[in-house]
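Counting starts at 1 for both ligands and their atoms, in listed order.
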Amino acid sequence: MAGPFSDVERSIFAAKEVLSEDHQPDQILERDEEIEEYRHALEDVLFGRTPQNIMLYGKAGLGKTAVTKYMMEALQTEVTERPDAEELHVHELNCNGKTVYAVVRTLVNELLPDTASDFPKRGLGTADAFEELYGQLDRLGGTHLIVFDEIDHLDAVDTLLYELPRARSIGHITNSKVGVIGISNNYTFRQSLSPKVKDTLMESEISFSPYDASELRAILADRADRAFVDGVCEESAIARAAAIAAKDRGNARQAIDLLRVGGEVAKKRGDTHVDDTHIVAAQELVQRGRLRNRIRDQTQHAQLLLETLAYIEQHEEAPARSKAIKNRYEDVADSHAVAPLTTLKSIQNHLSDLHMLGFLRRTGQNHGEGGGRYYEYSLDLDPQIVLDIRREIEAAANPG
Ligand SMILES: Nc1ncnc2c1ncn2[C@@H]1O[C@H](COP(=O)(O)OP(=O)(O)OP(=O)(O)O)[C@@H](O)[C@H]1O
Ligand SMILES: [Mg+2]
């Protein structure tokens, strides 16, 4: 019997996972210089020497993680062919929101034999964690490359970068070798390090610059080839996605997202090809999704004020003073059965925050003769989109 899924065919996507965030490409395109620098910095490993420390810099979506994965795999393969190289262990850790203790502990747990119990979460100090780490590194021997992604998010990063790179020279480890690879979005990271760390680190620096439209086109064409059914993805779709992302921040992740969402739009519309119109629709969807997340991150009262300003905008009463906004806001709060904030000052503080966050426009009015200065506010977004998003958020919070 024909069920609801029986006539689903691969119409647009041949391998959609190729456009997903966790897909690691076999081929890195348009990063020859960075790969060359990386290769140079890693060469020592092939000869059994202590690896150099490496710092990668660059904004989001520029290939730092993808290139690092690619280099680590290539190095692993090469090491097995080289008689002078020691066994290579690669460890990848994300530092976002972690303490040095937590990061070293994670590393220790990775190194511990399967039969050992985990290193304790609390009760011991960072020095104990380092001591255990050195013990485990020497127990295993070989060369260890430790990749710290988002290293600038780590608290007390100085301790980590002072300890690890010197571990061998000061005799904490004798049977193993360690190299640190740090990845950061923040170009000023090095300046934030303490002078003694700066002096001892001796790292190679590799910086990743934004992709331009033609580089993004090459990356996208390669992905599209494998992700879509033959002939489905048109040149105009690739060109448009590349152009949008290049104009924004040259982010390959954004370009790939646009292509995937563009494909979904085409599929949903029942179209047989993906072209630039689908990419434009995808961009709107993505922007809307981002705005939804930003609105959802606001406090309840800030959201109610956004909703209020959307109504004011639609009734063509904008820009409005905080007193008028407060009156309308009380009705809005009432309609959601929420007790409103009562002081004008608290409303003004929220309005000022929302303005700083880019949700609102603000204009100053001077009223001389002791009248003082006051501000008028209006929504800096499409009011209908704000109201739609608010409705979605409310519906998700109160299902049924
Ligand atoms: N040169 C490239 N060739 C092929 N794919 C690439 C290239 N650069 C980036 N990508 C792809 O783009 C996406 C984003 O890249 P990646 O995750 O490496 O960025 P990143 O620099 O680590 O960003 P973030 O700082 O946000 O972590 C991934 O899907 C990656 O596979
Ligand atoms: Mg990354």
Discussion item. Which of the numbered atoms in ligand 1 are under 4.0 angstrom from any heavy atom belonging to Leu62?
Written reply: 19 (O), 20 (P), 21 (O)
Discussion item. I'd like to check whether Ala60 has a polar contact with ligand 1, where a contact means an N/O of the residue lying under 3.5 Å from an N/O of the ligand.
Written reply: no
Item to complete: Could you list the atoms of ligand 1 found under 4.0 angstrom from a heavy atom of Tyr211?
Response: 1 (N), 2 (C), 7 (C), 8 (N), 9 (C)
Worksheet item: Is it true that some N/O/S atom of Thr65, main chain or side chain, lies under 2.8 Å from the Mg ion (ligand 2)?
Response: yes
Practice prompt. Answer yes or no for atom 2 (C) of ligand 1: protein heavy atom present at a distance under 4.0 Å?
Written response: yes
Discussion item. Show the atoms of ligand 1 that are less than 4.0 angstrom away from any heavy atom in Leu29.
Written reply: 1 (N), 2 (C), 3 (N)
Worksheet item: Should one rank Gln24, Lys64, Arg31, Arg223 by closest heavy-atom distance to atom 29 (O) of ligand 1, which comes out on top?
Response: Arg223
Item to complete: Go through ligand 1 atom by atom and flag the ones less than 4.0 Å from a non-hydrogen atom of Ile219.
Response: 1 (N), 2 (C), 3 (N), 4 (C), 5 (N), 7 (C)
Discussion item. How far is atom 23 (O) of ligand 1 from the closest protein heavy atom, and which atom is that?
Written reply: Gly61 N, 2.8 Å
Item to complete: Mark up the atoms of ligand 1 that fall under 4.0 Å of a heavy atom belonging to Asn185, in ascending order.
Response: 25 (O)
Response to the item:
Note: ligand 1 atoms sitting under 4.0 Å from heavy atoms of Ala66 are 18 (O), 30 (C), 31 (O)
Worksheet item: Is there at least one pair of N or O atoms, one from Arg253 and one from ligand 1, spaced under 3.5 Å apart?
Response: yes
Worksheet item: Of the listed options (Glu21, Lys59, Gln27), which comes nearest to atom 4 (C) of ligand 1 when hydrogens are ignored and any heavy atom counts?
Response: Gln27
Practice prompt. Quick one: sort the His315 and Tyr311 rings into parallel, tilted or perpendicular, breaks at 30° and 60°.
Written response: tilted
Discussion item. Measuring from atom 19 (O) of ligand 1, which candidate in Ser184, Gly63, Ser20 has the nearest non-hydrogen atom?
Written reply: Gly63
Worksheet item: Would you call Glu203 and Ile54 a side-chain contact if the rule is heavy atoms closer than 4.5 Å?
Response: no
Worksheet item: Taking only heavy atoms of Ile256, which atoms of ligand 1 are found under 4.0 Å from at least one of them?
Response: 11 (C), 12 (O)
Worksheet entry | Where ligand 1 meets Pro25 - atom numbers and elements under 4.0 angstrom, heavy-atom basis | 4 (C), 5 (N), 31 (O)
